[in-house]
Amino acid sequence: MVKKKTCIFISGKGSNLRNLISRSRDNNFPIKISLVICNNMEAYGVNYAKKNKVPYIFVDAKKKNYENKILFNLKKHKISFICLAGYMKIISSRIIRNYKNKIINIHPSLLPKFKGLNTHLRAIKNNEKYSGCTVHYVNSKLDSGKIILQKKIKIKKNDTPLSLAKRILAEEHKLYPKAILKVFNL
Ligand code: GAR
């Protein structure tokens with residue numbers, strides 16, 4: 001199998017990154033993590049790139065050359081597929097145009113419900129019975145691209161945003177690799 005050279009975008013803890021790095025070691029998994037892009041100098045997740053000798057770069061969304069730096073590095077590393085994994089910035093339409101239908105994201109809610117931030121708090125406050133996570137294609141509207149896979153879990157009576165986030169994150173680690181297999185028809 002020729003693995004797709006993949007870039008993972010992160011902003012924080014990087015547990016999805018860690019999980020995808022580990023899954024990508026499997027010969028039958030269709031992606032190779034060839035680059036990590038991070039917009040937060042303090043992100044713990046960068047340690048997983050370092051530890052696994054995956055090239056990584058930091059970008060600063062406030063800088064003028066921000067997009068150019070991203071596109072330059074994607075080209076330099078011959079990236080053909082992108083996974084957003086806890087990346088807390090909007091991907092610009094220019095990058096989306098360059099990677100049409102080649103960018104996917106994981107979001108901690110049952111989209112189209114609760115797009116954006118603070119999903120767990122909003123789901124609990126709204127007295128939802130279920131929440132979960134969604135892997136979807138990225139288009140120019142926030143958390144709105146075509147859904148690839150979704151996992152639903154029950155919200156417990158005594159759930160807090162933190163306890164719910166923890167249970168959903170464990171599901172994300174199963175769902176993201178499954179969705180990647182589905183994208184490549186495996
Ligand atoms: C995950 O729960 C992911 O779904 C969420 O951030 C967390 C990152 O965790 N993403 C978003 O909210 C995107 N809007 P991780 O850094 O441990 O992978």
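All residue numbers refer to positions in the sequence shown, counting from 1. Order of listing sets the numbers, starting from 1, for every ligand and every atom in it. Everything numeric in this text was worked out from a predicted model, so none of it was measured.
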**Message:** Can you tell me how far apart NZ (Lys178) and NZ (Lys151) are? Round to the nearest 0.5 Å.
**Reply:** 6.5 Å

**Message:** At less than 4.0 angstrom from any non-hydrogen atom of Gly14, what atoms of ligand 1 do you find?
**Reply:** 15 (P), 16 (O), 17 (O), 18 (O)

**NE2-CG distance between His77 and Leu74, expressed to the nearest 0.5 angstrom** = 9.0 Å

**Item:** Distance filter under 4.0 Å to Ser15 heavy atoms, resulting ligand 1 atoms
**Value:** 15 (P), 16 (O), 17 (O), 18 (O)

**Item:** Per-atom contacts of ligand 1 with Gly86, taking only distances under 4.0 Å to non-hydrogen atoms
**Value:** 6 (O), 8 (C), 10 (N)

**Rounded distance [0.5 Å steps], CG in Leu181 versus CG in Asn28** = 9.0 Å

**Prompt:** Are Asn19 and Pro177 close enough that some pair of their side-chain heavy atoms sits under 4.5 Å apart?
**Reply:** yes

**Request:** For ligand 1, find out whether one of its N or O atoms is nearer than 3.5 Å to an N or O atom of Tyr87.
**Result:** no

**Prompt:** Counting both backbone and side chain atoms, is some N or O of Leu169 under 3.5 Å from an N or O of ligand 1?
**Reply:** no

**Item:** Nearest option to atom 18 (O) of ligand 1, as decided by whichever heavy atom of Leu84, Ile10, Val135, Asn16 sits closest
**Value:** Asn16

**Asked** Within the structure, does Glu172 bring an N/O atom to less than 3.5 angstrom of an N/O atom in ligand 1?
**Response** yes

**Prompt:** Which residue and non-hydrogen atom of the protein lie closest to atom 14 (N) of ligand 1, and at what distance in Å?
**Reply:** His107 ND1, 3.5 Å

**Message:** I'd like to know whether ligand 1 has Gly45 as a neighbour, heavy-atom separation below 4.0 Å.
**Reply:** no

**Request:** Would you check if there is a donor-acceptor pair between the side chains of His173 and Ser15 at a distance under 3.5 Å?
**Result:** yes

**Asked** Can you find a non-hydrogen atom of Arg18 under 4.0 Å from ligand 1?
**Response** no

**Asked** CG of Leu84 to CD1 of Ile91: how many Å apart, nearest 0.5 Å?
**Response** 5.0 Å

**Lys/Arg cation over aromatic Tyr130: Lys152, 6.0 Å, 45° cone** = yes

**Request:** Might you work through the salt bridge (charged side-chain N to carboxylate O under 4.0 Å, His left out) test for Lys69 and Asp60, ending with a clear yes or no?
**Result:** CA-CA 9 Å; Lys69 188 174 177 184; Asp60 180 350; over 6 Å; no

**Message:** Give me the nearest non-hydrogen protein atom to atom 13 (C) of ligand 1 as residue plus atom name, then the distance to 0.1 Å.
**Reply:** Met88 SD, 3.8 Å

